[in-house]
Amino acid sequence: MDYFVLVIAAIFVNNIVLAQYLGNCPFIGTSKESGVALGMGLAVVFVATLAAVITWCVQEYLLAPNDLDYLQTIAFILVIAALVQFVEMFLKKAIPPLYKSLGIFLPLITTNCAVLGIAIICQREEFGLLQTFLFSMASGVGFMLALVLLAGIRERLDLARVPMAMRGTPLGLVMAGLMSLAFFAFKGMAS
Amino acid sequence: MITASVLILLGIGFTSAVILAVASKLLYVYEDPRIAQVENVLAGANCGGCGYPGCAGAAQGVVEGKAGATVCVVGGDAVAEKVAAIMGLEFSSMEKQIAFVDCTGGIRAEEVYRYAGVKDCRAQHMLYNGSKMCPEGCLGFGTCITACQFGAIEMGPNGYPVVDPNLCTACGGCEQVCPRGVITVWGMTARITHLNLETDCLAPCRQRCPGQINIPRYIEQVSRGDYAGALETIRERIPMPLSIGRVCPHPCEGVCRRGRVDEPVGINMIKRFAADWEMNSGTRLPISCAPDTGRKVAVVGGGPAGLSCAFFLRRLGHSPTIFESMPKLGGQLRYGIPEYRLPKAVLDWEIQGILDLGIDVRFEQFFGKDFTLDTLREEGFEAVFLGIGAWMNMNLRIENEDAEGVSTGTEFLTKVGLGVESGTGKKVVVVGGGNTAIDAARTSVRLGADVTLMYRRTRDEMPANMEEIIGAEEEGVKYLFLAAPTRIVKDGDGRVTHIEYIKMELGEPDQSGRRRPIPIEGSETLIEADTVYTAIGQKPELSCLYEDGVCQLEETRWRTLAADPDTLQTAMPHVFTGGDMHTGPALVITALGEGRKAARSIHQYLNGEPPHVDARTQRDMIPYTMFTDVPNVGYRERSEMPHLIECDERACTFGEIEGALSEAQAKRETCRCLRCGLTCYNRDMVDGQECADGDCVKNQ
């Protein structure tokens, strides 16, 4: 049951982008089309899960035993950057169609604070490996959900007459804010 | 502590580096360095106009050979040249492409659908499937305008988008968002080779025109004073607006929707006005041609079909050579149509304009005698167009038909056209009811003869144009209807003295829909004649196709050359046909249209693809466009063609009879156009419309 609550909380209540305000840059940048949003979301789910699990190992077996917790941020950035590069190489070799469809999104994830944030939250909450795995994946799904929902709204907004100054990113940010408010309705359901 | 931190970080960094180094060896994927080079020279707009997701994708496409040097639609020639240099290719100038809005309809959706504030043609299309009135045309909500990154489209006064060709980069953004396919990004080649599709915005006149001229478009251009633009529109379909403006029997006007209100728009008058405007200006408008391909094509026959085929082949970049049996080009336009309808000087001026594009001509070359399909192939001609027309006359099959003084209308007209003595006597009888018969009769009148035209049906069943019939009558041609020749009477010298005919009465309608003439027994009568011209039909002379008694190509049962009706390709893949040789005797505009169709097929053939047409190609009139109810249209009088020569002077001169409209008259006539699409039309001229001047004000 705890695991279930953990997953639900990560997706809805503590949504990484709408409640924690992490990863806003790719959230606005890649939410113009549903197809693109879904691709980016899946990439984040994959990388965030992998990164959280590896950084958990780094923290548990390298930093913590040597009392070097203060190196957490820089060490995690190093690990995530290397991991994304590795994943990119692997996909390019092994699954070229997937690599092509992800395109620019994979490198974007390197600098995605949502991925780093998920890894750090796992440490702050002192999750075990299984919890880290579930939480990071659920957080990735939460990111994907928010991204796809916003993309749907923005596609719809493309059909509307919107003042020139508000078109594109400004209206996207307003929508993100409104979605964030809407997600606050989940507060108190789980924590 | 510091040492441990540094060591740990270095350790993580080093481990990552080692893993990535090993991975880069194991997972190495070769990438052509040219991809990066090409990407660097592309415009970097990531507009998607090339069809690739971005410039990187386009660069990859170029290196993989999926895209050409001209992939970047924004970059233009400069970028294409750089890409070609990287790829080791030669580059010659790229054909200019622009967005083209093909909807001249007046009324769009009557109800603007609003769904939670959405007012956009895509929503309208999704929810309502478009306009109430036109299932194809523009809804006029301007999504394309928003989509254009370059500000090249704006909403015109009639509620449909107008493209500024100078700003358009042909990126295709507008084309992608338009749910109705109204906007197409294309260049000259595509426009020339486009055949009418049922999904195009085809006003009835456009559907009926055998040349497929975009009539509403050029009328609209004339109304704006853009005569050069109008001529360019016409020349995308036919090369001879001057000739057609004079001799076309304008089938388009027969289906003009305006004719349901008062009288059809004088479509041909407007065309002639635009064509005459160019000729009278003394300077020729430039006609664009695609870069040279160096592919040689033989065009056999320099009549309307051959000239049209050569013209469009040249514009598509190929090198046609016309083989003509006569001393001058023009075919039936020169040798079958009299001077008073089409002055030779006008025809010469027009043909010279076509030849100036770079078309070779070899005169007095007879197909089957001076050259054959085999010799053409040996000479390096990769394709052949056969358009030798239909010059062989049908016989009357009556006694003494070979008498002196009896000849065919076309032979007579050819002699007059060549300036040779025709031997016309004082009492001429012309047998037939078509335009050739009328031409022979009116020409004989001008040579000082007393002319009687004998036709076996009544005046109403005559296939000739009504204005021609009336014109001939005004000039003194006498009609003898319901009479068929039965015998030629000749004197001792073998010269015709009389023609015996039998009176007819009309019976039940036959296959042609006309009532069948039945002879009245015992009604034979003699009429005096020293010259008889027969004009009862022609067919192509196909004996030139035979070698050693064997025809290399197929004939139809009507003794015309068999070919695919859409592509005009014959049984021999590199041989194409068109004009009267394919259709049998038909209109000049039909021959011109077939010339373009054949040029299109030859272009496809030379590009290595089998000649083909779209499945949606329009062949017949589209039934739902043929409605008769045209409400709320005000009455406006049709302009009349001015006559250059008064009636009593006509009979003694070959000077041109009909003149052209004045500029004011032409503009007034354009105001009568309803700007129809498939179904929509302007109910009437409204405020703000370009030609809503004093002449166009509602007059009901």
Side-chain angles (χ1 to χ4, degrees), chain A residues 30 32-33 35-36 39 51 54-55 57-59 61-96 99-105 107 110 153 155-164 167-168, chain B residues 1-31 46 48 52-57 60-61 64 112-127 141-143 145-147 149 151 173 176-177 179:
Chain A
T30 61
K32 288 173 190 153
E33 287 174 38
V36 172
I54 291 176
T55 52
C57 296
V58 169
Q59 173 74 27
Y61 300 114
L62 205 61
L63 300 181
N66 295 305
D67 282 338
L68 293 172
D69 291 344
Y70 68 91
L71 285 179
Q72 194 183 56
T73 307
I74 195 164
F76 280 16
I77 288 174
L78 255 175
V79 170
I80 291 171
L83 175 72
V84 173
Q85 292 300 313
F86 180 81
V87 170
E88 192 177 351
M89 277 190 245
F90 175 77
L91 289 181
K92 197 172 182 181
K93 178 79 176 179
I95 322 170
Y99 171 77
K100 274 187 186 161
S101 67
L102 287 174
I104 191 74
F105 303 134
T110 315
I153 293 170
E155 277 186 346
R156 178 75 173 66
L157 284 172
D158 271 350
L159 301 177
R161 301 267 169 190
V162 175
M164 186 63 90
R167 279 186 201 159
Chain B
M1 190 71 166
I2 293 172
T3 316
S5 302
V6 171
L7 284 175
I8 291 284
L9 280 179
L10 279 176
I12 295 173
F14 185 72
T15 312
S16 302
V18 169
I19 292 171
L20 289 177
V22 172
S24 67
K25 274 283 172 198
L26 294 176
L27 303 175
Y28 173 70
V29 178
Y30 172 77
E31 193 168 71
N46 283 316
Y52 290 92
C55 296
Q60 196 168 348
E64 286 172 359
V112 176
Y113 194 82
R114 292 173 194 275
Y115 176 68
V118 171
K119 185 186 166 202
D120 180 277
C121 59
R122 280 176 290 174
Q124 167 99 13
H125 179 63
M126 284 186 282
L127 297 163
F141 290 143
T143 310
I145 295 162
T146 323
Q149 300 174 43
Q176 281 168 17
V177 297

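Below, read A as the first sequence line, B as the second, and so on, with proteins coming before strands; counting in each chain starts at 1.
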Task: CE-OG1 distance between A/Met164 and B/Thr146, expressed to the nearest 0.5 angstrom - done: 7.5 Å

TODO: Only counting residues at least two apart or in another chain, list the ones meeting side-chain hydrogen bond (donor to acceptor under 3.5 Å, both in side chains) with A/Asp69.
DONE: A/Gln59

Enumerate donor-acceptor pairs with a distance under 3.5 Å from any side-chain N or O in residues 11-19 of chain B to protein atoms, sequence neighbours excluded.
from, atom 1, to, atom 2, distance (Å)
B/Thr15, OG1, B/Gly11, O, 2.5
B/Ser16, OG, B/Ile12, O, 2.8

Open item on the list: Within the supplied structure, the quantity of interest is the number of heavy atoms (other residues, nucleotides, ligands) at a distance under 6.0 Å from A/Ile74 CD1; does it exceed 12?
Closed with: no

- [ ] Mind checking the CD1-CG spacing from B/Ile8 to A/Leu62? Nearest 0.5 Å is all I need.
- [x] 4.0 Å

Task: Structural part of A/Leu157 lying under 4.5 Å from a heavy atom of chain B - done: neither

TODO: Sort out for me which of A/Leu68, A/Asn66, A/Leu83 touches chain B most, counting heavy-atom pairs under 4.5 Å.
DONE: A/Leu68

- [ ] Could you grab the distance from atom CG of B/Leu9 to atom CG of A/Leu78, nearest 0.5 Å is fine?
- [x] 6.5 Å

Task: Closest approach of B/Leu20 to A/Phe86 (non-hydrogen atoms, all atoms of both residues) - done: CD2-N, 3.7 Å

Task: Working for side-chain contact (heavy atoms from CB on, under 4.5 Å), residues B/Leu26 and A/Lys93 - done: CA-CA 9 Å; B/Leu26 294 176; A/Lys93 178 79 176 179; over 6 Å; no

